[in-house]
Amino acid sequence: MSLMNSLPVTGWFSNLYAIEGYKHKEIARMLEIDTNTSKSQYSRAKAVIRDRLEKLRTLKINYPADNR
């Protein structure tokens, strides 16, 4: 499962904003939420992604691939 697919609801905001290219105002209108809610959810999604990538990096460092 990809990192983006494993995100909770906050991942929708990062996908709509960063990948699909929607503006926060557009996302807010589509989802009938406040623009600031879209911004805060995007910020939370980035934090989750950053945390998960750091954990993966740590795992890779601690358990490098066996290069035989």
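Just the heavy atoms: all of them, side chains too, but no hydrogens, waters or symmetry mates, feed the values below.
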Which value, rounded to the nearest 0.5 Å, describes the distance between Asn15 atom CG and Ile27 atom CD1? 9.0 Å
Gap separating the CD1 atom of Ile61 from the CG atom of Leu56, nearest 0.5 angstrom: 11.5 Å
So, taking the atom named OG in Ser40 and the one named CG in Asp34, what distance separates them when rounded to the nearest 0.5 Å? 8.5 Å
Any sub-3.5 Å donor-acceptor pair from Ser43's side-chain atoms to Lys39's backbone N or O? no
Which of Lys25, Met30, His24 passes side chain to side chain contact (heavy atoms under 4.5 Å, CB included) with Ser38? Answer is His24
Residues which pass side-chain hydrogen bond (donor to acceptor under 3.5 Å, both in side chains) with Arg50, listed by chain and number, not counting sequence neighbours: none
Measure the spacing between CG of Asp51 and NZ of Lys46 and express it to the nearest 0.5 Å. 14.5 Å
Partner residues of Glu32 under the salt bridge (Lys or Arg N to Asp or Glu O under 4.0 Å) criterion, sequence neighbours left out: none
d(Thr35 OG1, Glu26 CD) to nearest 0.5 Å is 10.5 Å
At what distance, to the nearest 0.5 angstrom, does CG of Leu16 lie from CD of Gln41? 12.0 Å
Which pair of non-hydrogen atoms, one from Tyr22 and one from Tyr17, has the smallest distance, and what is that distance? O-CD1, 3.2 Å
